[in-house]
Each structure stands twice: as structure tokens, then as C-alpha cells.
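Following: one structure in C-alpha cells, then a few remarks.
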Amino acid sequence: MNNRPLILKGNIVIKNVDEYIIGKIIKNKNVVNKEEYIQILDDENINLFEEGYKGYIFSNKPKNINLEKINYCSNVKYYQTLLDYDVVEIVNNRMIRVLYRDDSEDNAIVVTNQCNSNCIMCPDSDIVRNTKNNPAIKKLLEQVKCIPDDTKHITITGGEPGLLRENLLKLLEGCKKYLPNTEFLLLTNGRIFSNTNFTNRVKKSMPDNIRIAIPIYADNEKLHDEITCAKESFKQTIKGIKKLIEKNIDIEIRIVVLKKNYKYLEQIANFIVKEIPQVKIVNIMALEMTGNAYKNRKQVWVNFEKIKEYLYKSCITIIKAGIITNLYNFPLCNLDERLYSIAHKSITDYKIRYKKQCDECLAKESCGGFFNSTINMKDIEVKPIK
Ligand code: SF4
């Protein structure tokens, strides 16, 4: 089910010293290894109550259960939206936060909200990135241990995960140990990998099935650093990418298209083909207009129509070099139709929106639509495909 709430509120009582628990959800039934689970019991299933679970979510505060020694929540709005094997963090007196949705293939481990760059089109705001409430490594590892080991895909993201340094290595080791069947995508600005020693250690710690996705916004230092607002970032990122390639680590390049770089897309494509042709994938992405991107919208936003021609030429350059090329976050009717086959439904499910006219469109099923933050940009037009 899409659009499930990620934060739930109610009467929450957690008695640990840490004042939180992280566990897997199990609804109206019992399991063997209770200590890993948080049991949900509706009124009609309250007789299934057994001691030993990490915590409980009751539809109403039960009268015949001794609540003195257990972690529990009651009267939680929308608790029915939680599913078996979801992973949640329950924080005393505050909230239930959904960390992993078992019905989604789009789960992420968010390791920090801070970053050493400050890209003008970052979908996070300065306030978010300057608020230091990063999860402790202990919590991140608890989260990883709870994720079912048949999970297909997990994205590790931030902020900039590289800022975790030693703790990123610990997290990667945890992922390797507890989720050997999962494919990982690490989203990073890549600057940390210009450090040879760190890159060598990442190679040793990381799960076998991981790809590292790194953005390049220009083919030159001046424009890239102007977009990231971080001096030396271009040099460090390119050096980092080359070091990862030397270590045989799969690399995905991400190009975010904005007003400052859309005319140079073909140059960026040529740079990739010439300088780092070993990369496995290039994903070209449209903007998400939240945070810095919205604040800087005059410098950042460019209509899809203007991008079209440049986008086509750059894609062809990369495809001709034998590199897998994808388009993310572009609504189909705003693309050159020769690129339809490489356009993906890539927007996180709960952020997808369509215009009213999209209901008439024969391609709606295959079209990824718009971000909730982008759909209301003034100059967006849709042309339903018929
Ligand atoms: S009309 Fe709407 S559904 Fe159809 S391609 Fe355009 S954005 Fe997508």
C-alpha cells in the first residue's frame, strides 16, 4: 500500500534506559523469536498476548495485562497501516517511526542529514542539514539486523554517508553480515573516496552486491564547484571515482539537470565517456523541488521542454559508449519519444503525483509522473499520450 504514514503517534511507553526500541512488526499472531518483534494486538486478538516481545502495540489500553514491565503503545492512530515485517523505531512518549516498509522495494537507511557540500538544488534544506540528530551507529545496526534477509534492495543515503567515516565501515560490515542476499546502493558525493586508505578499507568492509552512486554536475571544476558550493569538490569526486574504479567497485554516475548545466549535458556525457568509461551506469535525473532547490528555484528550475534536445544528445553519446543509461524523474510526455525506453518510474511511491489531464493518458501506467514538490511549478505542461 502506498502512502502509508511513516510517523505514527499515540500513547507510547518505552521503559529502556535508551528510551527507544527497534523491532519487526508481527500482527495478531505469535512467533518463536519474540525478542526481535513488536507484537500488534487488536482487541479481538488480545488473548494472543504472550510475554517476551520487545514491545507491543495494542489497539486500546488493555485492562487485564500487567503493563508495568512491558514496552507498549496504545491508541495509536493508523496503527492498522503497519504490516508484518515492517521495521519500526518506537521512541518513548513521542512516536513510532517506520524505518522499513515490507511492501516496498524502495527502502533506505538514512545515516546522516549532514553533508560537506551544499548543492544549490539539494532537496534538503540548510536547516535539515545543519540539525545534528544523526542516528547512532548502534541504532543503524539494530535497524539492519531487523530487516528481513530476503530483502532485494536497500539504499544507504544521507546527507553524505562518507561523513560517518569509521561508522560507515561498521554499517557496511553489518550489511554484509546480516543481509547477504540484498543489493545495496550507496548514495554519496564521492569526495571521501579521494582518500586511498579509506577506499581500501571500504572495499574490505562492503557487501559484495553494492553499487556506489556519485553525482557529476559538470565537465569542469568551475561549474561543478559552483553547483555544489564546495571548493575542490570536482577534483575530489573525480579522484574518488577513479580510485573506486581501480578497486573494481561498480559505479553509477548521477547527473542532476538544472538551469546551470542543462546546456552542457553533452559535454558532461563526453567527459564521462573519455575520462571514466568504466562506470556501469549513468542516470540522468530531473529535479526534486524541495529544500535548497525550492529556495534557489530562480537559479535552479528549468522547464522540461528546454532540456529535451540537450538530454537526447547526451543520452545518445553515453549509450553509444556502451554504458547503461537511464532517465529518472522525467514525465514521459516531456521527453523526446526516442528516449521512452530508458525512462523509469523512479519517484519514491509516496511522493508521486499526476496532473488531472494524466487520467486521459494512455501511458499513465508506464509514466513515473511528477514529484509532489515539482508538479505545481508554473511552467509545467502535460500532453496526454493518446
Ligand atoms: S500526461 Fe501525465 S501520465 Fe501522461 S505522460 Fe504526461 S505526465 Fe505522464
Side-chain angles (χ1 to χ4, degrees), residues 1-4 6 101 103-108 121-124 153 155 185 187 213 215 217 252 254-263 265-266 268-269 281-319 324-386:
M1 183 170 70
N2 293 341
N3 298 323
R4 294 204 276 134
L6 297 178
R101 295 174 298 156
D103 61 342
S104 172
E105 298 206 344
D106 198 12
N107 281 294
M121 70 304 182
C122 178
D124 283 340
H153 177 92
T155 300
L185 179 68
L187 303 184
Y217 305 126
E252 168 183 320
R254 297 190 155 200
I255 307 169
V256 178
V257 185
L258 62 153
K259 196 175 191 175
K260 277 184 184 285
N261 71 358
Y262 78 99
K263 287 185 183 161
L265 284 175
E266 204 180 349
I268 303 173
I281 300 178
V282 174
N283 289 330
I284 307 184
M285 324 186 60
L287 290 162
E288 179 174 10
M289 294 302 289
T290 52
N292 270 4
Y294 186 74
K295 188 179 95 185
N296 300 321
R297 56 195 177 281
K298 283 196 180 137
Q299 284 169 273
V300 162
W301 176 249
V302 56
N303 184 308
F304 293 114
E305 201 52 43
K306 287 190 180 156
I307 300 171
K308 223 173 178 178
E309 183 196 331
Y310 299 100
L311 191 60
Y312 177 75
K313 285 184 184 158
S314 62
C315 287
I316 294 302
T317 304
I318 305 165
I319 292 167
I324 298 167
T325 309
N326 298 302
L327 295 175
Y328 281 5
N329 315 337
F330 288 93
L332 284 179
C333 60
N334 280 264
L335 283 175
D336 185 311
E337 61 186 53
R338 289 169 291 182
L339 298 180
Y340 281 3
S341 63
I342 61 165
H344 293 265
K345 293 178 83 167
S346 47
I347 297 175
T348 304
D349 44 22
Y350 63 88
K351 295 181 181 175
I352 300 173
R353 298 289 183 279
Y354 293 93
K355 292 263 190 196
K356 238 186 182 172
Q357 303 98 296
C358 296
D359 289 340
E360 305 159 23
C361 178
L362 294 177
K364 190 175 176 191
E365 278 290 298
S366 328
C367 172
F370 300 87
F371 279 111
N372 47 358
S373 58
T374 309
I375 193 157
N376 291 322
M377 295 308 289
K378 277 189 194 134
D379 51 0
I380 283 186
E381 276 181 35
V382 293
K383 293 162 226 138
I385 298 167
K386 291 183 179 168

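Order of appearance sets the numbers: ligands from 1, and atoms from 1 within every ligand. Quantities reported herein were computed from a predicted structural model and do not represent experimental measurements.
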E252 versus N283, side-chain donor and acceptor atoms under 3.5 Å: yes

Close side-chain approach of V257 and L287, heavy atoms under 4.5 Å: no

Residue and atom, protein N/O/S, under 2.8 Å of atom 6 (Fe) of ligand 1: C333 SG

Donor-acceptor pair, side chain of N303 and main chain of D379, under 3.5 angstrom: yes

Contacting atoms of ligand 1, where contact means under 4.0 angstrom from a heavy atom of F370: 7 (S)

Contacts of type ring-ring contact (aromatic ring centres under 6.0 Å, His included), residue Y310, not counting sequence neighbours: Y262

Results of ring-ring contact (aromatic ring centres under 6.0 Å, His included) for F304 - residues two or more places apart only: W301, F330

For E266, all residues meeting salt bridge (Lys or Arg N to Asp or Glu O under 4.0 Å), sequence neighbours excluded: none

